[in-house]
Amino acid sequence: MELPFAEPWRIKSIETIRRSRPDEREAWIREARHNLFNLRSEQVYIDLLTDSGTGAMSAEQWSEIMLGDESYAGASSYYKLKESIEEILGFPHFLPTHQGRAAENVLFSSLIGTGNEGQGMIVPGNSHFDTTKGHIEFRHAEALDLTIAEAFDTESEHPFKGNVDLERLEAFFKATPRQRIPLFMLTITCNSSGGQPVSMENIRGVSALCKRFGVPLFIDSARFAENAYFIKVREEGYGGKGIREIVREMFAFADGATMSSKKDGIVNIGGFVAFRAREDFERAMTFNIMYEGFNTYGGMAGRDLGALSVGLREATTFEYLEARIGQVGRLGASLIAGGIPIQKPCGGHAIYLNALRFLEAVPRGEYVAQTLAVELYREGGVRGVEIGAIMADRDPVTRADRFPALELVRLAIPRRVYTDLHMEYVAAVVGAVWERRKAVTRGYRITREASILRHFTVELEALG
Ligand code: F0G
């Protein structure tokens with residue numbers, strides 16, 4: 001008999017969470033103006049808002065917190081991280097930043113500009129994350145999404161829905177003057193299309209085109225280890241290779257990378273931008289010193305650099321990834337068994353509910369995914385996040401709402417935090433809303449919003 005799977009860790013420290021009453025949640029969500037970001041964490045039972053910065057650190061990581069060297073220059077914690085980055089990702093140069101978007105800010109300041117030099121420039125990629133897109137548009141440049149069409153068909157079981165459409169990329173490169181393309185940004189896994197991986201074959205294809213047309217290739221590596229796991233288990237020829245070996249191969253194609261360490265670094269805060277060429281590193285250094293901090297700490301405390309050096313090693317073990325992605329997959333399988341429409345196959349860090357198929361009666365202009373996210377909270381205190389028209393912001397030119405191909409609610413699973421019983425509870429909450437879905441016919445109207453990244457602070461009024 002084969003014994004069942006179980007996690008390769010045990011729990012040393014716990015945090016109490018409380019289930020609330022429906023009447024409490026009704027009052028709290030109204031007070032929050034129907035924006036889940038406005039809730040206090042005590043008002044949430046299972047928090048699946050994000051897998052970013054919410055992971056549980058290991059005893060080894062906490063030890064590094066105590067060993068943290070807070071020297072302004074040349075801290076030993078910096079050298080520990082440098083060694084991990086060099087060994088695991090293969091980049092000889094890096095600059096620490098306070099999180100992923102800061103790494104984007106430094107990189108784009110260096111490659112695009114700090115003012116409106118971006119006017120007329122285009123940064124192609126595969127469904128850029130919203131802060132990446134925000135930083136590109138802030139510089140008056142354009143983010144061009146070249147993700148394969150299958151990514152937007154939630155029923156397609158394509159194993160690598162983060163892949164770039166290479167034909168469209170080649171056509172774009174042929175039609176566009178080189179000086180208008182500062183870089184290509186490849187996001188692995190691709191968060192916006194459902195935590196979907198990019199295959200090695202596709203990374204190789206993107207890299208070949210970038211080389212042919214002389215465009216630098218940068219990887220947004222927030223969830224690079226999860227991407228490597230999917231390559232190992234889904235791509236032909238990689239089953240026998242180790243995670244570290246796959247990671248090295250993925251990054252060998254790139255000129256550099258941005259990293260939000262809050263994901264696959266399994267730390268609560270931090271990031272970096274890494275480079276292969278010394279001159280790219282030196283150009284970006286000035287911006288890092290101005291925006292983040294001196295080169296050997298950037299936006300991070302010494303203790304956090306140390307914890308990250310260990311987190312990168314832990315995240316790139318097969319045993320960890322099998323438990324992590326397995327948990328996400330089990331939640332997904334239980335929802336699929338209940339007939340609930342989700343993005344298939346399941347992604348690495350989250351389950352994405354297809355809100356357009358879930359709440360079919362709610363009009364598109366009334367923010368369908370947001371409506372579903374609020375219903376999950378009302379039902380059982382589960383907090384997910386809208387990835388739909390609110391997150392897509394308005395068109396920078398016409399100022400009209402942008403309606404993306406999909407309206408999704410993301411249930412992001414923090415790393416090493418919740419048990420499978422918590423996940424069964426989540427599945428039951430989603431199931432209960434699914435049961436009463438036909439009664440949900442109206443959504444929301446925006447009463448207040450910011451001009452960019454509006455989903456964080458938007459205020460909404462219930463319609464009907
Ligand atoms: N790139 C990707 C793919 C991301 O998912 C994120 C953040 C960032 C960059 C920016 O990193 O938050 O450290 O500044 N994603 C979080 C999420 C916020 O919830 O998915 P950051």
Side-chain angles (χ1 to χ4, degrees), residues 36-37 44 47-55 95-108 123 125-138 143 145 147 151 161-162 164 183-198 218-227 230 250 254 256-274 291-292 298-300 304 308 311-312 315 328 343 347-352 369 373 383-388 390-392 408-415 417 452-457:
L36 296 148
F37 285 97
V44 176
D47 203 349
L48 308 183
L49 183 68
T50 180
D51 63 320
S52 180
T54 53
L95 296 163
T97 63
H98 76 274
Q99 58 184 84
R101 67 200 70 182
E104 290 160 8
N105 189 28
V106 170
L107 179 68
F108 296 160
V123 181
N126 53 339
S127 304
H128 313 66
F129 183 64
D130 60 342
T131 58
T132 319
K133 195 167 171 176
H135 270 297
I136 293 168
E137 292 179 350
F138 188 72
D145 183 3
T147 316
K161 279 180 161 180
V164 175
L183 72 155
F184 184 96
M185 196 75 180
L186 185 70
T187 305
I188 62 169
T189 58
C190 189
N191 187 0
S192 310
S193 74
Q196 299 290 329
V198 179
F218 278 78
I219 293 184
D220 174 344
S221 41
R223 300 180 182 84
F224 74 96
E226 293 173 5
N227 201 89
F230 283 120
M250 291 184 329
T258 56
M259 175 73 185
S260 168
S261 309
K262 302 168 74 174
K263 285 85 170 174
D264 278 354
I266 333 184
V267 290
N268 303 118
I269 193 75
F272 58 83
V273 50
Y291 299 148
E292 295 292 304
M300 292 170 74
D304 292 328
L308 174 57
L312 289 173
V328 174
Q343 167 75 302
H349 68 296
I351 295 299
Y352 291 68
R383 171 157 73 170
V385 74
E386 186 248 26
I387 303 203
I390 297 181
M391 188 187 260
L408 303 167
V409 173
R410 185 186 74 173
L411 304 176
I413 319 298
R415 293 168 180 77
V417 168
I452 202 160
L453 298 178
R454 65 178 177 176
H455 68 290
F456 290 121
T457 53

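Remember, it's 1-based here, ligands and their atoms both numbered in the order they're listed.
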*What is the nearest protein non-hydrogen atom to atom 15 (N) of ligand 1, stated with its residue, atom name and distance?*
Lys263 NZ, 2.9 Å
_Donor-acceptor pair, side chain of Arg223 and main chain of Cys190, under 3.5 angstrom_ = no
_Closest protein heavy atom to atom 9 (C) of ligand 1, given as residue, atom name and distance to 0.1 Å_ = Glu104 OE2, 3.3 Å
*Among Ala103, Gly53, Ser260, Gly271, which residue places a heavy atom closest to atom 11 (O) of ligand 1?*
Ser260
*Can you sort out the partners of Phe456 under ring pair (Phe, Tyr, Trp, His ring centres under 6.0 Å), two or more places apart, ordered by chain and number?*
Phe37
_With a cutoff of 4.0 Å, is His349 in contact with ligand 1, counting heavy atoms of the residue only?_
no
_Considering non-hydrogen atoms of the protein only, which is the closest contact for atom 10 (C) of ligand 1, and what is the distance?_
Thr131 OG1, 3.4 Å
*Select one of side chain, backbone, both or neither to describe which atoms of Arg410 lie under 4.0 Å from any atom of ligand 1, heavy atoms only.*
side chain
*Carefully, step by step, assess Glu386 and His455 under the rule side chain to side chain donor-acceptor pair (under 3.5 Å).*
CA-CA 8 Å; Glu386 186 248 26; His455 68 290; over 6 Å; no
*asked:* Considering both backbone and side-chain atoms of Gly270, is one of its nitrogen or oxygen atoms within less than 3.5 Å of a nitrogen or oxygen in ligand 1?
replied: no
_atom 12 (O) of ligand 1 - nearest protein heavy atom and its distance_ = Arg101 NH2, 2.8 Å
*Can you tell which part of Lys262 has a heavy atom less than 4.0 Å from ligand 1: side chain, backbone, both or neither?*
side chain
*Identify the closest protein heavy atom to atom 8 (C) of ligand 1: which residue and atom is it, and at what distance?*
Phe129 CD2, 3.4 Å
*So, does Thr189 use its side chain to make a donor-acceptor pair with the main chain of Asn191 at under 3.5 Å?*
no
*For the pair Lys133 and Asp145, find out whether any cationic side-chain nitrogen is under 4.0 Å from an anionic carboxylate oxygen.*
no
*For Arg223, atoms of ligand 1 separated by under 4.0 Å from a heavy atom*: 3 (C), 4 (C), 5 (O), 17 (C), 20 (O)
*Atoms in ligand 1 with a heavy atom of Thr187 nearer than 4.0 Å*: 3 (C)
*Should His349 and Arg410 count as side-chain neighbours, where that means a heavy-atom distance under 4.5 Å?*
yes
*Under a 4.5 Å cut-off applied to non-hydrogen side-chain atoms, are Ile188 and Ile219 in contact?*
yes
*Not counting sequence neighbours, which residues clear side chain to side chain contact (heavy atoms under 4.5 Å, CB included) with Thr132? List them please.*
Glu104, Phe108, His128, Phe129, Ile136, Met185, Asp220
_If you count every heavy atom of other residues, nucleotides or ligands that lies below 6.0 Å from Tyr291 atom OH, does the total exceed 12?_
yes
*Does an N or O from Thr132, backbone or side chain, lie closer than 3.5 Å to an N or O of ligand 1?*
no
*For atom 2 (C) of ligand 1, which of Asp130, Asn191, Asp220, Thr50 has the closest heavy atom?*
Asp220
